[in-house]
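To start, the structure under review is shown below, and the notes come after it.
All of these numbers come straight from a predicted model, not from anything done at the bench.
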Amino acid sequence: MRPPKAMKVLLWVLFVESLVVAGVVWLLATGPMWIPALVTSLLMGLAGSMLACRGVITVDDVALRLAVRPVFRKTIPRADVVSVEPTTVDPWKDFSGWGYRTRGKKLVGFLFHSGPAVRLTVRSGRTYVITVPDVDRLVEVLRQPTNIGGA
């Protein structure tokens with residue numbers, strides 16, 4: 001899953017701003033040249049990695065894995081899942097933004113668009129709201145019994 005178009009535009013604007021800041025640092029540098037080189041490397045590395053981020057969801061018999069590549073990974077054991085249901089979400093209204101978001105200790109969002117989502121509750125009481133292109137398919141897969149233990 002890629003971020004929404006508006007988020008992509010914002011990330012490109014931040015990338016261009018990083019280039020401008022790096023240019024200003026180079027123009028105003030009077031000391032050792034490694035300082036502006038370091039600032040440029042940090043800004044470009046951060047901005048570039050933000051542009052490359054994408055959400056990935058994988059499910060197997062053992063776990064549901066959420067990843068915001070290349071930055072973050074979260075594994076939820078399927079044995080811990082107590083309920084799965086379709087829902088709808090507005091990332092800005094419900095979680096104040098896109099990506100991996102938390103609301104207190106018990107509510108987590110893995111959000112890349114508004115609209116249909118999956119609400120998943122685990123044994124600890126924590127609830128995950130996950131946006132996916134095919135909500136019904138994820139609900140169906142997560143409700144299926146796992147084949148762990150050689151059954």
Side-chain angles (χ1 to χ4, degrees), residues 1-23 25 36-151:
M1 291 180 298
R2 295 251 181 228
K5 186 175 181 175
M7 183 68 152
K8 239 356 189 191
V9 169
L10 176 63
L11 291 174
W12 274 107
V13 168
L14 290 173
F15 182 75
V16 171
E17 287 179 352
S18 296
L19 286 174
V20 170
V21 169
V25 168
L38 178 66
V39 169
T40 301
S41 297
L42 291 173
L43 286 172
M44 294 302 99
L46 180 62
S49 66
M50 286 175 34
L51 280 170
C53 280
R54 56 178 273 176
V56 178
I57 299 169
T58 55
V59 181
D60 59 25
D61 282 344
V62 177
L64 166 69
R65 291 176 185 82
L66 309 173
V68 179
R69 291 186 180 159
V71 184
F72 171 82
R73 288 190 184 125
K74 172 72 178 170
T75 300
I76 303 169
R78 288 194 55 193
D80 290 350
V81 175
V82 294
S83 72
V84 180
E85 62 189 40
T87 188
T88 58
V89 67
D90 178 341
W92 284 108
K93 183 178 139 199
D94 301 330
F95 289 89
S96 302
W98 290 298
Y100 186 84
R101 312 292 289 192
T102 60
R103 282 293 220 195
K105 294 183 179 185
K106 296 290 185 179
L107 185 58
V108 175
F110 189 74
L111 314 160
F112 286 90
H113 59 82
S114 295
V118 173
R119 180 176 295 275
L120 173 94
T121 304
V122 295
R123 277 190 202 145
S124 68
R126 180 171 267 189
T127 299
Y128 295 86
V129 177
I130 305 164
T131 58
V132 291
D134 190 350
V135 169
D136 294 332
R137 178 71 181 132
L138 182 58
V139 169
E140 176 187 332
V141 168
L142 290 173
R143 285 181 176 168
Q144 291 175 357
T146 61
N147 294 323
I148 299 173

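Proximity of Leu120 to Leu142: side-chain heavy atoms (C-beta onward) are separated by under 4.5 Å at one or more points.
A distance-only check finds no donor-acceptor pair linking the side chain of Arg65 to the backbone of Val56 [under 3.5 Å]. Side-chain N or O atoms of Thr121 include none that pairs as donor or acceptor with a backbone N or O of Val82 at under 3.5 Å. One N or O on the side chain of Arg78 and one on the backbone of Gln144 form a donor-acceptor pair closer than 3.5 Å. Panel note: side chain Arg101, backbone Ser96; a donor-acceptor pair is recorded below 3.5 Å. Side chain of Lys105 to main chain of Arg126: no donor-acceptor pair is present (N/O by atom type, distance under 3.5 Å, no hydrogens or angles).
Nearest heavy atom pair, residue Ser124 against residue Lys106, reads O-NZ, 2.8 Å. Between Val118 and Thr87, the shortest heavy-atom distance links the atoms C-CG2, 4.1 Å. When all heavy atoms of Phe95 and Val108 are compared, the closest pair comes out as CE2-C, 3.7 Å. A pairwise comparison of heavy atoms in Thr75 and Ala63 identifies CG2-CB, 3.5 Å as the closest pair. Considering all non-hydrogen atoms of both residues, Val89 and Ala117 come closest at CG1-CB, 3.8 Å. When all heavy atoms of Trp98 and Phe112 are compared, the pair lying nearest together is CD1-C, 3.9 Å.
Taking CG from Leu111 and CG from Asp90, the interatomic distance works out to 9.5 Å, rounded to the nearest 0.5 Å. We find the OG1-CG distance between Thr58 and Leu66 to be 8.0 Å, quoted to the nearest 0.5 Å. To the nearest 0.5 Å, atom CD of residue Glu85 and atom OG1 of residue Thr127 are 8.5 Å apart.
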Next item on the list: May I have the step-by-step check of side-chain contact (heavy atoms from CB on, under 4.5 Å) for Val129 and Asp94, ending in yes or no?
Entry: CA-CA 10 Å; Val129 177; Asp94 301 330; over 6 Å; no

Margin query: Does Lys74 form a side-chain contact (heavy atoms from CB on, under 4.5 Å) with Tyr128? I'd like the steps, not just the answer.
Written below: CA-CA 11 Å; Lys74 172 72 178 170; Tyr128 295 86; 3.2 Å; yes

Notebook entry, point to check: Passes side-chain contact (heavy atoms from CB on, under 4.5 Å), Val135 versus Arg119? Steps please.
Noted result: CA-CA 10 Å; Val135 169; Arg119 180 176 295 275; over 6 Å; no

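Arg143 CZ: more than 12 foreign heavy atoms inside a 6.0 Å radius.
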